[in-house]
Amino acid sequence: MRPPWDKYFMDIAVLVSSRSTCLRRKVGACVVGDRRILSTGYNGAPTGIAHCEEVGCLREKLNIPSGERHELCRGLHAEQNAIIQAAKIGVSLKGATMYVTHHPCFICAKMIINSGIKKVVYKDGYPDEMAKKFFEESTVTVVKLER
């Protein structure tokens with residue numbers, strides 16, 4: 001039996017997350033427009049920079065809780081990488097849906113709102129109340145994919 005579209009694209013986001021080099025959480029994102037994949041992204045260090053798998057995690061060493069002090073992470077988030085990749089190849093995300101394995105953080109929420117993405121479908125939660133508040137103030141619809 002063919003999976004429903006939301007499950008299909010979330011399964012792709014989960015597969016994309018397998019490329020993550022983060023030691024704390026593997027996250028994947030898949031941005032879709034008209035049932036076509038526009039861009040994908042996973043969390044990890046910028047191109048050409050050593051990955052956390054190679055040099056360790058500063059946030060882990062400093063015992064920083066999840067959802068806090070994102071500026072101390074050497075990696076980009078999956079959502080950020082998906083938005084950047086679309087920009088790099090000249091693909092508009094206006095009106096698109098982002099499927100992401102975890103609820104976006106506050107920084108990613110701001111980028112999603114400004115990128116023109118209109119819907120976020122996520123699988124697992126993330127401890128960032130500011131992100132939830134920003135999405136509530138925006139025109140972006142955020143839904144948790146029911147299993």
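Residue pairs meeting the side chain to side chain donor-acceptor pair (under 3.5 Å) criterion with at least one member in residues 51-64, sequence neighbours excluded: Thr21-His51, Arg24-Glu60. For residues 70-90, every residue pair satisfying the salt bridge (charged side-chain N to carboxylate O under 4.0 Å, His left out) rule, not counting sequence neighbours, is listed here: Arg69-Glu71. Sorted by first and then second residue, the side chain to side chain donor-acceptor pair (under 3.5 Å) pairs with a member in residues 94-117 read Asp6-Tyr99; sequence neighbours excluded.
Listed by chain and residue number, His77 satisfy the ring pair (Phe, Tyr, Trp, His ring centres under 6.0 Å) test with His70 (two or more places apart in sequence, or in another chain). Partners of Asn43 according to the side-chain hydrogen bond (donor to acceptor under 3.5 Å, both in side chains) rule, which considers only residues two or more places apart in sequence or in another chain, are Ser20. Remark: Thr47 pairs with no residue by the side-chain hydrogen bond (donor to acceptor under 3.5 Å, both in side chains) rule, at least two apart or across chains. Arg25 is linked by a salt bridge (charged side-chain N to carboxylate O under 4.0 Å, His left out) to nothing, counting only residues two or more places apart in sequence or in another chain. For Glu137, there are no side-chain contact (heavy atoms from CB on, under 4.5 Å) partners two or more places apart in sequence or in a different chain. Remark: Lys123 engages Met10, Val14, Arg147 in a side-chain contact (heavy atoms from CB on, under 4.5 Å) (not counting sequence neighbours). Under the side-chain contact (heavy atoms from CB on, under 4.5 Å) criterion, Leu15 pairs with Ser18, not counting sequence neighbours. In this structure, Lys133 has no salt bridge (charged side-chain N to carboxylate O under 4.0 Å, His left out) partners at least two apart in sequence or on a different chain. Every residue two or more places apart in sequence or in another chain that forms a side-chain contact (heavy atoms from CB on, under 4.5 Å) with Leu62 is listed here: Leu58, Ile64, Leu72.
A salt bridge links Lys7 with Asp11: at least one charged nitrogen is closer than 4.0 Å to a carboxylate oxygen.
Thr141 and Lys118 share no side-chain donor-acceptor pair at under 3.5 Å.
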